[in-house]
Amino acid sequence: MRLLFILLFFINSLFSAELENLLKEYESSSKNSLETLNEKMGYVIVYTKEELELMQYNNLSDVLKEIPANNSNINRFGLNTVSLSGSKTDVTGFFRLYINDHEVSAIYNQSPSLTWLQMPVSMIDHIEVYYGEGSFTLGNETGIQFIRVYTKDAKKENGNELYVTQSNKSSNSQSFTHSSLLGNGWAYLLHFTNNNSFSKREYNSSSINNNLNSQYFFMNLNNEKSNIDIGYSKIEKDIYTGYSSDFIPSDGELDSSNFFIHTSRYFLKDNSLKATLSYDINNFTYEEKNKEGMFIVPIIDLSKVGLTMPKEYSEDIKLTKLSSSLSKEFNFDRHEIFTSINFKREEYKTNNREAINFLDNKNEVNQYNDFDRTNVFSFMFQDDYKLFDNLHLIANYKIDKYERAGDALEDETQQLYRVGAIYLLNDYLGFKSFYTKSYIPPTFYNIDFKSKNSEEIDTQKYKYFTFASVFTLGNSKLNIDYYKVNIDDFLYLTPVGFVNIEDRIKTSGVIFDYEYLINKNNKIKLNYYTSNLNTKLSNSNKGGFVKYMGKYENIDYFASLIYKNSYKYLDVEIDDSYNFNLGFTYHHTKNLSFSLKAENLSNKSTASLFNNGIGGENISFEDYERKVTFAVRWLF
């Protein structure tokens, strides 16, 4: 039993040689993570509820600023976007975002950036970030990194919470959470947040605004066998630089609303049979005016720029997704089998899309092409074989069949596989390694914005290898993770649209993560990573953080420093970034607390690269401002 208990500790990335010394901290801060963590999916980072509160993260994007081997920047629409180390993209399809069991990345471009990256931490219980292919047990999506957010649990909260913030930049938020236990084992939770954010940048004596108003609603209803999640998010914001050819749009607004309902039900006495059904609706409207014109790839004809370049542009699109799955777990002898069948249907409808050129001629653009629907049928199988009590061998296989409407993209069948091992050498040292062959399919966005010089867009194929080790001694824990990714047919957005790069993209890196528990109330976390990329760097490729958090009597406190290295892209030099944050929380009573947080005190934020139109100068804008936020939390 002792060996099995130690193995469980290893699998949940919570090693300790002195279990008695860390047991209280382990149970209080990580209990929920233990119930959801799936170490078979690869290298994982966990943010517990305790850490989220101590560090005073306001929204999910605050957390993602420090995730190793990633970059978090602001894109042309003023939205937070996450990209792989060394690269900077306006939209990325390598990351998948889940709320509990449901994947919420945008249907149009598979990016989580549009609304849900700003979801408030006040609705979150804990977060797990997985490196490596995870779709075998998470659902029907492929990717390189999986961010899984778990919302607060009604059975744990069982009460009301009011949380309000106000910053010196006039940004503010108001959150309310209500949860209650019902009869017959049912419980429900309601959450609502309203957020107002104000930001602007100065360029050539002009202001570029990035103001945002957003609302989030979430409801969960569950009992021992059934679970229902309902989520809604809405944003209204300035378009930042938008599509403007001179970098400063005259006017514009971006509105997006996202709704989903996800249901799951367990069957059989051991809950080994699970059925899920979900439905998503994404609505998106966009308006922009610019007297200097806009460069929108699907509309512009380079041979007739003067006649096709719009000075006004608007679109109204709607996307829907229907997903269902049936999975079964089997246990016999030393095998733990997981198998599942999945179906997904995505549809893309253009309600309106029009452009007005410099001659005031209106062009009813409507759909860019005939690719407006896709069906995906999937089957997956995973075997976790316990060769010894301290050695697990894992293999899985998945096949996806795509049926697509129109001629813009052909039907195809893709296969994925993954092999790996988890090995606990002794009480102090453990290893795990995985090799994955997978892919990223083209999205509606890729096809809409593909280069007119490209006859077709191919599926991106990648191979991902990781090797991780964990060493623990006393109150210390050290993780070292090595990864290597090769991508064929990489999709790259050029100034004239998406193209597949002929050469293989190769990236590799090492992540060092160290945690020291000073005592049950104070801890230090250190992280450093470095990565290599076989193409020209367009973003930071090295970085790390130092975090200190703790408690003393009725005061909580933290300090953190997030570092990203300098780099040069074309004629733009980006300095080292040192994002220094600190704060404290005063617990006036058990149910009433006051917090003060200072962000980016060093005023050396990361920066995003932009280009001032075709042939224009390359410039950079800092992503974040220096800010101080005051918050009040009231439990009742």
Requested in this report: For residues I296 and P310, determine if any side-chain heavy atom of one lies less than 4.5 Å from a side-chain heavy atom of the other.
Outcome: yes
Query raised in the report: For N75, does its backbone N or O pair with a side-chain atom of S608 as donor and acceptor, under 3.5 Å?
Result: no
Query - Residues Y240, R201; criterion side-chain contact (heavy atoms from CB on, under 4.5 Å); working and verdict - result: CA-CA 9 Å; Y240 205 41; R201 297 290 185 272; 3.4 Å; yes
Report summary line: P249 meets the side-chain contact (heavy atoms from CB on, under 4.5 Å) criterion, sequence neighbours left out, with I239, S244, E288
Report task. Kindly confirm or rule out a cation-pi arrangement of R418 over F434, judged by NZ or CZ under 6.0 Å from the six-membered ring centre and within 45° of its axis? Result -> yes
Query raised in the report: Who passes side-chain contact (heavy atoms from CB on, under 4.5 Å) against K604, sequence neighbours left out?
Result: Y578, S602
Query raised in the report: Do other residues, nucleotides or ligands put more than 12 heavy atoms under 6.0 Å from K542 NZ?
Result: no
Query - V104 side chain near N258 side chain, heavy-atom distance below 4.5 Å - result: no
Query raised in the report: What distance separates S72 OG from I67 CD1, expressed to the nearest 0.5 Å?
Result: 10.0 Å
Query raised in the report: Do other residues, nucleotides or ligands put more than 12 heavy atoms under 6.0 Å from E410 CD?
Result: no
Query raised in the report: Closest heavy-atom contact between L60 and L117?
Result: CB-O, 3.4 Å
Query raised in the report: Can we say D255 and K234 salt-bridge, meaning some charged N sits less than 4.0 Å from an Asp/Glu carboxylate O?
Result: no
**Report entry** Note, K65 side chain near D623 side chain (heavy atom, < 4.5 Å)
**Finding:** no
**Report entry** pair E103-Q110: side-chain heavy atoms closer than 4.5 Å
**Finding:** yes
Query raised in the report: Heavy-atom distance under 4.5 Å between the side chains of F371 and Y348, does that happen here?
Result: no
Query raised in the report: Does S206 offer a backbone N or O that forms a donor-acceptor pair with the side chain of N204 under 3.5 Å?
Result: no
Requested in this report: Sequence neighbours left out, what passes ring-ring contact (aromatic ring centres under 6.0 Å, His included) with F95? Give chain and number order.
Outcome: none
Query raised in the report: Less than 4.0 Å between a side-chain N and a carboxylate O, is that true for K349 and E347?
Result: no
**Report entry** Polar side-chain atom of T350 near backbone of I317 as donor-acceptor pair, under 3.5 Å
**Finding:** no
Query raised in the report: Is it true that the NZ or CZ of R353 lies under 6.0 Å from the centre of Y368's six-membered ring and within 45 degrees of the ring axis?
Result: yes
Query raised in the report: Looking at D251, D246, D360, which hits salt bridge (charged side-chain N to carboxylate O under 4.0 Å, His left out) with K311?
Result: D360
Report task. Enter the distance from S87:OG to Y492:OH here, rounded to the nearest 0.5 Å. Result -> 10.5 Å
**Report entry** Aromatic ring proximity, centroids under 6.0 angstrom, F247 and F621
**Finding:** yes
Query raised in the report: Ring centres of F610 and Y203 under 6.0 Å apart?
Result: no
Query raised in the report: Is the number of heavy atoms from other residues, nucleotides or ligands within 6.0 Å of NZ (K461) greater than 12?
Result: yes
Report summary line: CG (N282) and OG1 (T115) are apart, to the nearest 0.5 Å, by 7.5 Å
**Report entry** Which atom of Y529 lies closest to which atom of S85, heavy atoms considered
**Finding:** CE1-OG, 3.7 Å
Query raised in the report: Would D411 and R404 pass as an ion pair if we require N to O under 4.0 Å?
Result: no
**Report entry** For the student: nearest non-hydrogen atoms of F467 and S433, plus distance
**Finding:** CD1-CB, 3.7 Å
**Report entry** Check: Q415/Y417 side-chain N/O donor and acceptor closer than 3.5 Å
**Finding:** no
Report task. Hey, could you give me the OH/CD1 distance between Y243 and I299, rounded to the nearest 0.5 Å? Result -> 8.5 Å
Query raised in the report: Is the closest side-chain heavy-atom distance between K564 and N539 below 4.5 Å?
Result: no
Query raised in the report: Among K506, K463, R504, whose salt bridge (charged side-chain N to carboxylate O under 4.0 Å, His left out) with D488 holds?
Result: R504
Query raised in the report: Do S207 and E202 have a side chain donor and acceptor closer than 3.5 Å?
Result: yes
**Report entry** Closest non-hydrogen atom pair between M294 and M309, with its separation
**Finding:** O-CG, 3.2 Å
Query raised in the report: Rounded to the nearest 0.5 Å, how far apart are OG of S325 and CG of D101?
Result: 8.5 Å
Report task. Given side-chain contact (heavy atoms from CB on, under 4.5 Å), test S438 with Y464 step by step and report yes or no. Result -> CA-CA 8 Å; S438 189; Y464 196 119; over 6 Å; no
Query raised in the report: Is the closest side-chain donor-acceptor distance between N213 and N196 under 3.5 Å?
Result: yes
Query raised in the report: Does the side chain of S197 pick up a donor-acceptor pair with the side chain of N195 at under 3.5 Å?
Result: no
Report task. Could you check whether the rings of F343 and F377 sit parallel, tilted or perpendicular, using 30° and 60° as the cut-offs? Result -> tilted
**Report entry** Heavy-atom neighbours of E573 CD exceed 12 at 6.0 Å
**Finding:** no
Report task. Give a yes or no on whether D571 atom CG has more than 12 heavy-atom contacts from other residues, nucleotides or ligands under 6.0 Å away. Result -> yes
Query raised in the report: What's the spacing between Q460 CD and I440 CD1 if we round to 0.5 Å?
Result: 6.5 Å
Query raised in the report: What's the verdict on side-chain contact (heavy atoms from CB on, under 4.5 Å) for N618 and L609, showing C-alpha distance, side-chain angles and the deciding distance?
Result: CA-CA 7 Å; N618 298 301; L609 297 171; over 6 Å; no
Query - Crowding at NZ, K289 (>12 non-hydrogen neighbours, <6.0 Å) - result: no
Query raised in the report: Would you say the side chain of T606 lies within less than 4.5 Å of the side chain of N579, judging by non-hydrogen atoms?
Result: no
Requested in this report: Decide yes or no for T459 and D489: does some side-chain heavy atom of the first lie under 4.5 Å from some side-chain heavy atom of the second?
Outcome: no
Requested in this report: Could you tell me whether K401 sits above the aromatic face of F379, with NZ or CZ closer than 6.0 angstrom to the six-membered ring centre and within 45 degrees of the axis?
Outcome: no
Requested in this report: Apply the test side-chain contact (heavy atoms from CB on, under 4.5 Å) to residues D448 and N369: give CA-CA distance (whole Å), side-chain angles for both, the deciding distance (0.1 Å), then the verdict.
Outcome: CA-CA 7 Å; D448 277 354; N369 56 74; 2.9 Å; yes
Query - For N446 against P441, the heavy-atom pair lying closest together - result: OD1-O, 4.4 Å
**Report entry** ring pair (Phe, Tyr, Trp, His ring centres under 6.0 Å) evaluation trace for Y445 with Y108
**Finding:** CA-CA 6 Å; Y445 170 63; Y108 182 60; 5.7 Å; yes
Query - Under 3.5 Å: donor-acceptor pair, side chain of T89, backbone of S83 - result: no
Query raised in the report: Is a side-chain donor or acceptor of D280 paired with a backbone partner of F260 at a separation under 3.5 angstrom?
Result: no
Query raised in the report: Is a side-chain N or O of D400 found less than 3.5 angstrom from the main chain of Q414, in a donor-acceptor match?
Result: no
Requested in this report: Measure up the Y462 and F94 rings against each other and bin them: parallel (under 30°), tilted (30 to 60°), perpendicular (over 60°).
Outcome: perpendicular
Query - Side-chain donor/acceptor of S105 to backbone N/O of R96, under 3.5 Å - result: no
Report task. Please check if the distance between the ring centroids of F449 and F498 is under 6.0 Å. Result -> no
Query raised in the report: Closest approach of N527 and I511, non-hydrogen atoms and distance?
Result: ND2-CG2, 3.6 Å
